> 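Can you read through this structure? Questions will come right after.
The structure displayed is predicted, hence computed values, not measured ones. Chain identifiers are assigned alphabetically (A, B, ...) following the order of the sequence lines, protein sequences preceding nucleic acid strands; residue numbering begins at 1 within each chain.
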There are 2 protein chains.
Amino acid sequence: MATGTRRERERAQREEMIVRTARELAEAEGWDAVTTRRLAAEIEYSQPVLYSHFTGKAAIMTAVATQGFEELAQLLRTARSAARDAGGVRAALAAVARAYTDFAQERPALYDAMFTHAVELRFADPEGPDVLRAGFGELLQAVEPLAGGDDPGVLTETFWAGLHGLATLERSGRLPGSLHDRRLELLVGRFAPADG
Amino acid sequence: MATGTRRERERAQREEMIVRTARELAEAEGWDAVTTRRLAAEIEYSQPVLYSHFTGKAAIMTAVATQGFEELAQLLRTARSAARDAGGVRAALAAVARAYTDFAQERPALYDAMFTHAVELRFADPEGPDVLRAGFGELLQAVEPLAGGDDPGVLTETFWAGLHGLATLERSGRLPGSLHDRRLELLVGRFAPADG
DNA sequence: ACAGGATTCCTAGCGGTGCTAGCATGTGAG
DNA sequence: CTCACATGCTAGCACCGCTAGGAATCCTGT
């Protein structure tokens, strides 16, 4: 029994190493470089070991994406609370918007795993994992004071779409990144008309 | 010489068939189903024939994407001119926004080729193909009257990002499609505040 | 009309992918 | 100490994008 817990612990550590290695590899060389063979070599085990932890490569990417959602939510919370103390509702919205696009730009592989791959995560489902809704909740709290007569949830979704569009179009080179700040300012301005 | 032109014509027809087949296959079963073997079988030639027309699969996807840009530009032009005659600048913006997201929803494979794959097309380059700027030009003309003191180009980019974000997040299931109309209305409302 | 050269197109294969069957090896219980 | 079980390996499957090399076909110059 005592040895049983040790093996469980070692197994959990190995699983954590798989996810961490996949993430590091993706952030360093992109998801195309994350192959099951390469990943197995990095953790110094054979390929089939991966499949004793995850159902497949997609599940590994989902695990990485889940980490991303946790970190993004944390970043948004920090940004919003800091700006709320310093400025008004507009500053809070600008702060979360900035934090969001910074996250997307600085961790592109993580953002890809969260929002362009790994569709198996259920988003709109109220029964879905909390981690998926935490980040949205931060956006919601920043948008809500500015909703006026509009539905805060739907308005937040729309604002989020704006951020996501900026992040993806700039990342892929469809929009030149040099004007990012101005676009962000315009987007925030359209959702938070006046004050500070 | 006469036979030479015939062979050129036949070759052009075959190239067109490759692009058309790739597009049909992608629209029917997604881009994952478009393999070079499958594509070669559909056009009843061997695999290497594809490489005598295109440098690789990515080039074929780029050709499909180019068709998509032409069609999207045409749709936006039609929508804008129709709405401009009937309503005001707000109606024109709403019309192009509707046309854009309809296109993305009805031709997801085409939209993917244009905006999530095929990065070899140069977007921000002023020397780039006209077809890439035609669609943006339609958006620009719809946004421009509403710019106020803001830069119309940057504002259009921001509005485009909103449309792109809605299209991609709804398509991947990150946002439930049932609320699409309300989101679109909110987005348009934030860029075209009042009048009709 | 016909030989020769260029062009066209196919078969076969390379190195890679995600994934899995089947067999050793090592572990813990009776 | 034996034996069943769990663990992790080797080897391989079917598929991917892509290409080398040879056969067949077509056009041209004499």
> Measure from NE2 on B:His53 to C1' on C:dT7 and round the result to the nearest Å.
13 Å
> Applying a 4.0 Å non-hydrogen cut-off, can you work out what A:Arg11 is touching in the nucleic acid: base, sugar-phosphate, or nothing?
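Nothing, no heavy atom under 4.0 Å.
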> Does CD in A:Glu185 sit with more than 12 non-hydrogen atoms of other residues, nucleotides or ligands closer than 6.0 Å?
no
> Whole-Å distance between D:dG17 P and B:Ile60 CD1?
9 Å
> Could you tell me the separation between the CG atom of A:Leu50 and the P atom of D:dT10, rounded to a whole number of Å?
14 Å
> Using atom names, set out every protein N or O paired with an N or O of nucleotides 15-18 of chain C below 3.5 Å, distance rounded to 0.1 Å.
unit_1	atom_1	unit_2	atom_2	d
C:dT17	OP1	A:Thr35	OG1	3.4
C:dG18	OP1	A:Lys57	NZ	3.2
C:dG18	OP2	A:Thr36	N	2.8
C:dG18	OP2	A:Thr36	OG1	3.0
C:dG18	N7	A:Arg37	NH1	3.0
C:dG18	O6	A:Arg37	NH2	3.1

> Evaluate B:Glu138 against B:Val96 for side-chain contact (heavy atoms from CB on, under 4.5 Å), listing each step before the verdict.
CA-CA 8 Å; B:Glu138 289 299 322; B:Val96 295; 5.6 Å; no
> Take the protein atom CD of A:Glu15 and the nucleotide atom C1' of D:dT7, then report the distance between them rounded to whole Å.
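Atom-to-atom, A:Glu15 to D:dT7, this comes out as 16 Å.
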> CZ of A:Arg14 versus C1' of D:dC9: gap in Å, rounded?
12 Å
> Do B:Ile60 and B:Leu39 have side chains that get closer than 4.5 Å, going by heavy atoms?
yes
> Counting heavy atoms not belonging to A:Glu44, are there more than 12 under 6.0 Å from its CD?
no
> Using whole Å, report how far OH of A:Tyr45 lies from C1' of D:dG8.
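Those two atoms, OH and C1', are 9 Å apart.
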> Kindly confirm or rule out a cation-pi arrangement of A:Arg190 over B:Phe191, judged by NZ or CZ under 6.0 Å from the six-membered ring centre and within 45° of its axis?
yes
> Return yes when atom CD of B:Gln105 has more than 12 non-hydrogen atoms of other residues, nucleotides or ligands closer than 6.0 Å, and no otherwise.
no
